[in-house]
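These notes concern the structure reproduced below.
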Amino acid sequence: MNKITIAIDGFSSTGKSTVAKQLAKHLGYVYVDTGAMYRSVAYYAMQNGLITKEAFNVEALVGQLSKINITFKFNEALGFAEVYLNDVNIEKDIRTLEVSKFVSTVASVSAVRKKLVEQQQKMGANKGVVMDGRDIGTVVFPDAELKLFMVASAETRAKRRYQELTEKGDKVTYEAVLKNVEERDFLDTTRADSPLVKAEDAIEFDNSILTKEEQFQKLLALVETKL
């Protein structure tokens with residue numbers, strides 16, 4: 001069977017990663033969570049004092065990009081690949097609201113995007129990949145056979161994210177999560193380098209009222225039309 005490239009873009013907390021994992025597992029494809037890659041760089045910047053609420057030392061981060069090695073290792077027990085930063089598992093560390101506050105700012109740095117886009121293109125060079133992010137269909141794989149653009153209201157996305165965080169034991173408020181979602185939307189869509197936009201040939205998919213299973217089945221049907 002011919003393998004294709006599936007590019008899934010969209011706003012934060014639209015369930016891109018969830019359905020991308022489902023599709024990759026069902027198809028036997030490689031799944032790449034590009035958001036985790038940007039979160040990893042943001043986490044590195046935080047851990048090394050390069051970004052705080054008050055300041056962001058962009059030059060220092062760019063100067064240290066060669067020290068940042070991001071890899072994915074499949075965890076059979078969990079059923080998906082976890083992200084490693086310089087051979088240290090940081091899968092849980094990068095999923096906090098604190099990292100979410102900085103990730104869009106870090107992702108707006110052109111040198112960061114250039115480094116990660118090159119890695120992402122190598123990961124998907126042989127097709128048979130499901131990749132989700134903000135610029136997959138527009139920048140990383142503009143020739144992808146299937147491009148999806150995920151949308152849902154900010155309130156719906158904030159409720160999902162709030163539930164996800166509280167279930168993990170994080171002490172957050174819905175108001176703080178909603179504010180973060182709205183701020184990330186603004187930063188993602190207004191940055192100068194590779195802003196979040198829907199590719200002309202992408203299929204817009206609103207999952208505001210769909211269950212995870214309903215979403216998966218609908219998107220799988222779209223995939224099958226391309227295979």
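Counting begins at 1 with the first residue of the sequence.
- Between the side chains of Tyr31 and Asp132, a donor-acceptor pair is found at a separation under 3.5 Å.
- Salt bridge Glu118/Lys114: present, at least one basic N to carboxylate O contact under 4.0 Å.
- Within the structure, the ring pair (Phe, Tyr, Trp, His ring centres under 6.0 Å) test picks out no pair touching residues 163-186 (sequence neighbours left out).
- Using a distance-only test at 3.5 Å, with no hydrogens or angles considered, a donor-acceptor pair links the side chain of Gln121 to the main chain of Val140.
- The shortest side-chain heavy-atom distance between Asp135 and Val117 falls under the 4.5 Å cut-off.
- Put simply, the side chain of Glu214 gets close to the backbone of Thr211: a donor and an acceptor are under 3.5 Å apart.
- Contacts of Asn180 classified as side chain to side chain contact (heavy atoms under 4.5 Å, CB included), with partners at least two apart in sequence or in another chain: Leu97, Ser100, Lys101, Arg184.
- Side-chain atoms of Thr156 and Ser153 form a donor-acceptor pair, as typed in the model, at a separation below 3.5 Å.
- Linking ILVMFWY side-chain heavy atoms closer than 4.5 Å, directly or via other members, places Phe74 and Met123 in two distinct hydrophobic clusters.
- In this structure a side-chain-to-backbone donor-acceptor pair under 3.5 Å is present from Lys115 to Leu65.
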Step by step, work out the salt bridge (Lys or Arg N to Asp or Glu O under 4.0 Å) result for Asp9 and Arg134. CA-CA 5 Å; Asp9 291 307; Arg134 302 289 190 280; over 6 Å; no

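- For the pair Glu82 and Lys92, the salt-bridge criterion is not met [side-chain N within less than 4.0 Å of a carboxylate O].
- Between the side chain of Tyr29 and the main chain of Ile4, a donor-acceptor pair closer than 3.5 Å is present.
- Side-chain atoms of Gln64 and Glu59, non-hydrogen and from C-beta on, never get closer than 4.5 Å to each other.
- Val151 belongs to a hydrophobic cluster whose other members, connected by ILVMFWY side-chain contacts under 4.5 Å either directly or through intermediates, are Phe11, Phe149, Leu196.
- Residues Arg157 and Asn207 have side chains that never bring a donor and an acceptor to within less than 3.5 angstrom of each other.
- Remark: the backbone N or O of Val181 is not paired with any side-chain donor or acceptor of Arg161 at under 3.5 angstrom.
- With sequence neighbours excluded, no residue forms a ring pair (Phe, Tyr, Trp, His ring centres under 6.0 Å) with Phe205.
- Contact of the Met150 side chain with the Ile8 side chain is registered, since non-hydrogen atoms from C-beta on lie closer than 4.5 Å.
- The hydrophobic cluster containing Leu78, built from Ile/Leu/Val/Met/Phe/Trp/Tyr side-chain heavy atoms closer than 4.5 Å, also comprises Phe80.
- The only member of Asp33, Val83, Asn75 that meets side-chain contact (heavy atoms from CB on, under 4.5 Å) when paired with Glu91 is Val83.
- Within the structure, the ring pair (Phe, Tyr, Trp, His ring centres under 6.0 Å) test picks out no pair touching residues 95-122 (sequence neighbours left out).
- A distance-only check finds a donor-acceptor pair linking the side chain of Thr166 to the backbone of Tyr162 [under 3.5 Å].
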